[in-house]
Amino acid sequence: SPASWVASIFSQTAPNIDLAAVANAAFTSGITALKSNLSRAQYIQLKDGGVCSFEQDQEIGFKIKSGVTTQILDSSKLMIYRRRMADYLTNSVGRFLKNYQNAVNSANNRALVKGAIMTFITSLENDGILPKDSEVSGGVAKLVDVESLNTPSSIAAGFFKIQWRQRIYSSMRYIVLNAEIGESVVVTEQ
């Protein structure tokens, strides 16, 4: 079943890695054949329909063609690694937040939580899993806000709300090489 091969890749790669990454072909070396050979147009239709499919590349071997999921209405939620990263980040921070369950809802504790989340993000940035602010033009890569959503009434009701916005890396799904090669090509500094 193709699903078992997807599960194999899923279990052996980090959540920020696109399942269709060429390096993941190493995890499919046991595949011997596909039932059918699809055309480029058929692969595009499958991708557009949210179907993660396999292809046999003559130079690479068997690999996932497009690591997509069935979230068709919101193209920013199309990639499997986006869902994996969202789950990884929120589950990791959620497990940590248990340490503060029923603690005093003070400004100091809110600051400690923010600091811990920022430390977690920084460690992922240093490991190359999340982009740094310097890699984002026109903004920043993350926002952790422990103040603006908390009102006196929400705090009195026992809520501690955290607003976290996080940019993740995209994958190089479409590589475009723009080349000009010939005897009459002139290269000048711009």
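Every heavy atom of this structure was used, including side-chain atoms; hydrogens, water molecules and symmetry mates were not. Note that this is a predicted model, so its numbers are computed, not measured. Nothing fancy with the numbering, it's 1 onward along the sequence.
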Counting N and O atoms only, with roles assigned by atom type, does the side chain of [X] sit under 3.5 Å from a partner on the main chain of [Y], one being a donor and the other an acceptor?
X: Ser11; Y: Ala7; value: yes
X: Asn109; Y: Val104; value: yes
X: Asp18; Y: Ala20; value: yes
X: Arg84; Y: Phe10; value: yes
X: Asn24; Y: Leu19; value: yes

Side chains of [X] and [Y]: does their closest heavy-atom pair fall under 4.5 Å?
X: Thr69; Y: Arg83; result: no
X: Leu130; Y: Arg167; result: no
X: Val68; Y: Met79; result: yes
X: Ile64; Y: Cys52; result: yes
X: Thr122; Y: Glu125; result: yes
X: Ser170; Y: Tyr81; result: yes

Is it possible for you to say whether [X] and [Y] belong to one hydrophobic cluster, with membership spreading through side-chain heavy-atom contacts below 4.5 Å?
X: Val146; Y: Ile155; answer: no
X: Trp5; Y: Leu34; answer: yes
X: Val93; Y: Leu143; answer: no
X: Met118; Y: Leu89; answer: yes

> Tell me the salt bridge (Lys or Arg N to Asp or Glu O under 4.0 Å) pairs involving residues 108-120, sequence neighbours left out?
Replying inline: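 Sorted result for residues 108-120: Arg110-Glu147.
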> Taking only residues at least two apart or on different chains, which pairs with a member in residues 177-190 satisfy salt bridge (Lys or Arg N to Asp or Glu O under 4.0 Å)?
Replying inline: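 Checked against salt bridge (Lys or Arg N to Asp or Glu O under 4.0 Å) - neighbours excluded - no pair reaches residues 177-190.
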> Going through the checks in order, is the side-chain contact (heavy atoms from CB on, under 4.5 Å) test met by Tyr169 and Met85?
Replying inline: CA-CA 10 Å; Tyr169 285 115; Met85 277 301 290; over 6 Å; no
>> Would Leu97 and Ile162 count as a side-chain contact (heavy atoms from CB on, under 4.5 Å) here? Give the steps.
In response: CA-CA 11 Å; Leu97 291 173; Ile162 305 164; 4.0 Å; yes
Interatomic spacing from [atom1] in [X] to [atom2] in [Y] - rounded to 0.5 Å:
X: Ser92; Y: Ile117; atom1: OG; atom2: CD1; value: 11.5 Å
X: Leu38; Y: Ile44; atom1: CG; atom2: CD1; value: 12.0 Å
X: Phe62; Y: Asp57; atom1: CZ; atom2: CG; value: 10.5 Å
X: Ile168; Y: Leu124; atom1: CD1; atom2: CG; value: 12.0 Å
X: Ile129; Y: Ile121; atom1: CD1; atom2: CD1; value: 12.5 Å

> Please, which pairs that meet ring pair (Phe, Tyr, Trp, His ring centres under 6.0 Å) have at least one residue in residues 83-135, sequence neighbours excluded?
Replying inline: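 Residue pairs with at least one partner in residues 83-135: Phe96-Tyr100.
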> Under the salt bridge (charged side-chain N to carboxylate O under 4.0 Å, His left out) test, which residues partner Glu55, sequence neighbours left out?
Replying inline: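 By the salt bridge (charged side-chain N to carboxylate O under 4.0 Å, His left out) rule, Glu55 matches Lys63, Lys65.
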>> Is there a side-chain contact (heavy atoms from CB on, under 4.5 Å) between Ser66 and Tyr43? Walk through the geometry before answering.
In response: CA-CA 8 Å; Ser66 297; Tyr43 278 118; over 6 Å; no
> Without hydrogens or angle criteria, can the side chains of Ser154 and Thr151 be said to hold a donor-acceptor pair below 3.5 Å?
Replying inline: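 Checked: Ser154/Thr151 side chains pair up, N/O donor to acceptor below 3.5 Å.
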> Around atom CG of Asn37, are there more than 12 heavy atoms of other residues, nucleotides or ligands at under 6.0 Å?
Replying inline: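 Incorrect, the count does not exceed 12.
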> Are there more than 12 heavy atoms of other residues, nucleotides or ligands under 6.0 Å from atom CZ of Arg165?
Replying inline: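 Not buried by this count: 12 neighbours or fewer within 6.0 Å.
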> Which residues pass the side chain to side chain donor-acceptor pair (under 3.5 Å) test with Gln12, sequence neighbours left out?
Replying inline: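 For Gln12 the side chain to side chain donor-acceptor pair (under 3.5 Å) partners, ignoring immediate neighbours, are Ser8.
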> Got a sec, which residues hit ring-ring contact (aromatic ring centres under 6.0 Å, His included) with Phe159, two or more places apart in sequence or on another chain?
Replying inline: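 So Phe159 forms no ring-ring contact (aromatic ring centres under 6.0 Å, His included) with any residue.
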